[in-house]
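Heads up, the thing below is written out as structure tokens.
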Amino acid sequence: MVSAYTLTSLVEEKKLQNRFIVEEDERPKVAYNQFSDVIPVISLDGIEDDSPGGRREVIRNQIGQACEEWGLFQVVDHGVDTKLVHDMANLAREFFALPDEEKMRFDMSGGKKGGFIVSSHIQNELVANWREMVAVVPYPIRERDYTRWPDNPKEWRPATEIYSENMMGLAEKLLGLISEAMGLKTDTITKVCGEMAQRMAINFYPKCPEPNLAIGLKRHTDPGAITLLLQDKVGGLQATKDGGENWITVQPIEDAFVVNLGDYSYYLSNGRFKNADHQAVVNHEHNRLSIATFINPEQEAIVYPLNIEEGENAIIEEAITFAEMYKRNMFNHSERSKLKKLAKDQNLPKEELEKMLKNSGKTTKSLKELLA
Ligand SMILES: O=C(O)CCC(=O)C(=O)O
Ligand SMILES: [Fe+2]
């Protein structure tokens, strides 16, 4: 029987359902397994010792450069126990292999915080992502809510808790390095973040009948400070640094974490460090698992450049809170998709649409106002 709820049950179908067919310009341009090695792989071995060629060299020449060019790098020798990482991934796979009814016990649709969902937590999206996911919010600890945090397989929840704690530790190390790469003190970024928050998206992308028409997770930037992404060896994470014209597929490296800079870090660095522009594509041969751990500042943290070089202007007009930044970005994203759909329905010339898209990114004006 075909279920209406999960993707796993659609895998056997020959044709992709309409709700997953993305606009032509959003379809994959590069294969999921055509790997590129342009994203630097950085070893954290010995990074805590301040030997002359050591920490400073890595920060300036490797981390700083990667952040300026892509907002993206991979780390190895990061000190996180590989057994823990493997257990975490295997337990996640076991969860996604459960029957629909069992996964749906944790259903988070309807705007709930945390749980299982197909596509994304964003409501009223125009096209669905070819993805199942479980979202959990491990930090702040006092806000932990276990209502829809899966307890099947039963070892998964405790494993996630330990994994999450390890991610917090690694994030702190990395934020120290990134802070220094910005020319600041080691603890400046963690200090301005306030009480650190963490959200985890455990993403499962089943084999897709027509992967060239679909997207696993559409193009976006992550909102927070950094994301630590664990991916299996299948491949599918792609990045662009020219607004989606050209894409590269990140080479999967066993036991490495992909480190993504988010919007918050982009603003803190006054745009010197990029917020990685990325997406996930799917394929017909393999299921794929990725675990994204988002490290976010507290809701009230201030979004504003930490230092502005002489002769430069701040890339953000006024200091706002992280909560406000998130709200504005979400608003812009959804307005932009609506605008694109409208342009298509009304056969608007491409140049006209581009002009409108450009403007829509700069304001929080609604679609109606823009069109008026
Ligand atoms: O699955 C991936 O490779 C990317 C996941 C991602 O970007 C996210 O969850 O924000
Ligand atoms: Fe992401």
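Quick note: numbers below take in every heavy atom, side chains included, and nothing from hydrogens, waters or symmetry partners. Order of appearance sets the numbers: ligands from 1, and atoms from 1 within every ligand.
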>> Which protein residues come within less than 4.0 angstrom of ligand 1, counting heavy atoms only?
In response: Asn203, Tyr205, Leu217, His220, Asp222, Leu229, Leu237, His278, Ala280, Arg288, Ser290, Ala292, Phe294

> Would Glu285 and Tyr32 count as having a side-chain donor-acceptor pair, cut-off 3.5 Å?
Replying inline: yes

> Does Arg144 make a cation-pi contact with Tyr139 (under 6.0 Å, within 45 degrees of the axis)?
Replying inline: yes

> Taking the six-membered ring for Trp, are Tyr163 and Phe257 parallel (under 30°), tilted (30 to 60°) or perpendicular (over 60°)?
Replying inline: tilted

> Hey, which protein N/O/S atoms does the Fe ion (ligand 2) have under 2.8 Å?
Replying inline: His220 NE2, Asp222 OD1, His278 NE2

>> Looking only at side-chain N and O atoms, does Thr8 offer a donor or acceptor that is under 3.5 Å from a partner on Glu132?
In response: yes

> Strictly by modelled atom types, are Asn203 and Ser290 linked by a side-chain donor-acceptor pair under 3.5 Å?
Replying inline: yes

> Is atom CZ of Arg60 surrounded by more than 12 heavy atoms (other residues, nucleotides or ligands) closer than 6.0 Å?
Replying inline: no

> Are His78 and Asp255 linked by a side-chain donor-acceptor pair shorter than 3.5 Å?
Replying inline: no

> Parallel, tilted or perpendicular: which describes the rings of Phe96 and Phe116, with under 30° parallel and over 60° perpendicular?
Replying inline: tilted

> Is Leu72 linked to Leu177 within one hydrophobic cluster, defined over Ile, Leu, Val, Met, Phe, Trp and Tyr using a side-chain heavy-atom separation of less than 4.5 Å?
Replying inline: no

